[in-house]
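FYI, side chains are in, hydrogens and waters are out, and symmetry mates aren't considered; it's all heavy atoms of this structure.
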Amino acid sequence: MNTLRIRRAAIAVAAAAVLPLSLTACSSDDSSDTKADSTPTAAEEKSTPPADDASMTDKPFGPACAGVPADGAGSFDGMAKDPVATAASNNPELSTLVTAVKKAGLVDTLNNAKNITVFAPTNAAFAKIPKADLDKVLADKATLTKILTYHVVGEKLAPKQLEKGTYPTLQKSTLTTAGSGESYSVNDTSKVVCGNVPTANATVHIIDTVLMPK
């Protein structure tokens, strides 16, 4: 009788010792499975599409864009509906350029051109030229035409094409562009302050310095 009791007690002690170990093992397996399920696989990580840098410059960009009217004919939407010379005439920051274009008789030439790029100097860009010199140029149609047509390239240039390029102008010589992101220069002398502005027949890159033909 005593022997039977001793055996039963030994079995109970053994069971009590084994049970916690079994529970621990199960708990460990569950934790491992949960961790494995929550960890992304290499294939899942690769499936995440990279950011598209081009999307940063598919619209007008640059500090001077803030000065463009929010609505009306001089806004980005308004300019997109008109040919380039007409569109520029509705932008108050380009009034000196428009005056020069009219004096050179280039309004129809620019408005009727197809798929061009115009590097458009702001009023402040023209103000960098001494007044006496500017008045002299504005009164000389041949010289004025030479300068203005130097600002026109016979194809539409997207921001990506401005990173490093050399392009022939309507004036028959070339200009160069350089930069990246939203920072570009022309001939290393003029900065694009509001780029990628669409008009009905042209892309306009507004610049801070008047370009002079080489």
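Annotation: the span from Lys164 atom NZ to Thr177 atom OG1 amounts to 10.5 Å, rounded to 0.5 Å. Distance check, rounded to the nearest 0.5 Å: CG of Leu170 to CD1 of Ile116 gives 6.5 Å. Going from atom OG of Ser75 over to atom CG of Asn91 covers 9.5 Å, rounded to the nearest 0.5 Å. Note that CG of Asn187 is 11.5 Å distant from CE of Met212, once rounded to the nearest 0.5 Å. With values rounded to the nearest 0.5 angstrom, Asp133 atom CG is found 11.0 Å from Leu138 atom CG. The OG1 atom of Thr86 sits 4.0 Å away from the CG atom of Asn111 when rounded to the nearest 0.5 Å.
Across Ala120 and Leu97, no two heavy atoms sit closer than the pair CB-CD2, 3.6 Å. Nearest heavy-atom pair, Ala85 versus Val107, reported as atom, atom and distance to 0.1 Å: CB-O, 3.9 Å. Closest heavy-atom contact between Asn201 and Ala113: ND2-O, 2.8 Å. Residue Leu148 comes nearest to Ala100 through the heavy atom pair CD1-O, 3.4 Å, listed as atom of the first residue, atom of the second, then distance. Scanning both residues, Glu163 and Ser180, for their nearest heavy atoms gives CG-CA, 4.3 Å. When all heavy atoms of Leu211 and Ser190 are compared, the pair lying nearest together is CD2-CB, 3.7 Å.
When the options Thr145, Val137, Thr143 are evaluated for a side-chain contact (heavy atoms from CB on, under 4.5 Å) with Lys141, the one that passes is Thr145. Partner Val152 forms a side-chain contact (heavy atoms from CB on, under 4.5 Å) with one of Leu106, Val84, Leu110 and no other, that one being Leu110.
No single ILVMFWY cluster, assembled from side-chain heavy atoms under 4.5 Å apart, contains both Val118 and Ile207. Hydrophobic clustering (side-chain heavy atoms under 4.5 Å, transitive across Ile, Leu, Val, Met, Phe, Trp, Tyr) groups Leu162 together with Val153. Val101 and Tyr150 fall into different hydrophobic clusters, where Ile, Leu, Val, Met, Phe, Trp and Tyr residues are linked whenever their side-chain heavy atoms come under 4.5 Å apart, directly or through other members. Criterion: ILVMFWY side-chain heavy atoms under 4.5 Å apart, direct or through other members. Under it, Leu144 and Val98 are not part of a common hydrophobic cluster.
Evaluation of the salt bridge (charged side-chain N to carboxylate O under 4.0 Å, His left out) rule for Glu155 yields no partner, not counting sequence neighbours.
For the pair Val210 and His151, the minimum side-chain heavy-atom distance is below 4.5 Å. Residues Asn196 and Thr203 are in side-chain contact: their nearest non-hydrogen atoms beyond the backbone lie under 4.5 Å apart. Looking at heavy atoms from C-beta onward, Asp140 lies out of side-chain contact with Lys146 at the 4.5 angstrom threshold. Counting heavy atoms from C-beta outward, Leu175 and Phe119 have side chains that approach closer than 4.5 Å. Looking only at side-chain heavy atoms (C-beta outward), Ile206 and Thr122 come within less than 4.5 Å of each other. With contacts defined as side-chain heavy-atom distances shorter than 4.5 Å, the pair Pro213/Ile147 qualifies.
A salt bridge links Asp135 to Lys131: at least one charged side-chain nitrogen sits closer than 4.0 Å to a carboxylate oxygen.
Heavy atoms of other residues, nucleotides or ligands lying less than 6.0 angstrom from CG of Asp71 number 12 at most. Heavy-atom contacts from other residues, nucleotides or ligands closer than 6.0 Å to NZ of Lys156 number more than 12. Within 6.0 Å of the NZ atom in Lys128, the count of heavy atoms belonging to other residues, nucleotides or ligands exceeds 12.
With hydrogens and angles ignored, the 3.5 Å screen pairs no side-chain donor or acceptor of Thr96 with any backbone N or O of Phe126. For the pair His205 (side chain) and Val186 (backbone), a donor-acceptor distance under 3.5 Å is absent. Side chain of Tyr184 to backbone of Val193: no donor-acceptor contact under 3.5 angstrom is found.
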Practice task
For Lys214 and Thr176, run side chain to side chain contact (heavy atoms under 4.5 Å, CB included): C-alpha distance rounded to whole Å, both residues' side-chain angles, the deciding distance at 0.1 Å, then the answer.
Solution key: CA-CA 11 Å; Lys214 298 177 182 179; Thr176 60; 4.2 Å; yes
Problem - Criterion side chain to side chain contact (heavy atoms under 4.5 Å, CB included) on Phe76 and Lys59, from CA distance to verdict - result: CA-CA 10 Å; Phe76 291 130; Lys59 296 179 180 179; over 6 Å; no
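With no hydrogens or angles considered, a side-chain donor-acceptor pair links Asn123 and Ser95 at under 3.5 Å.
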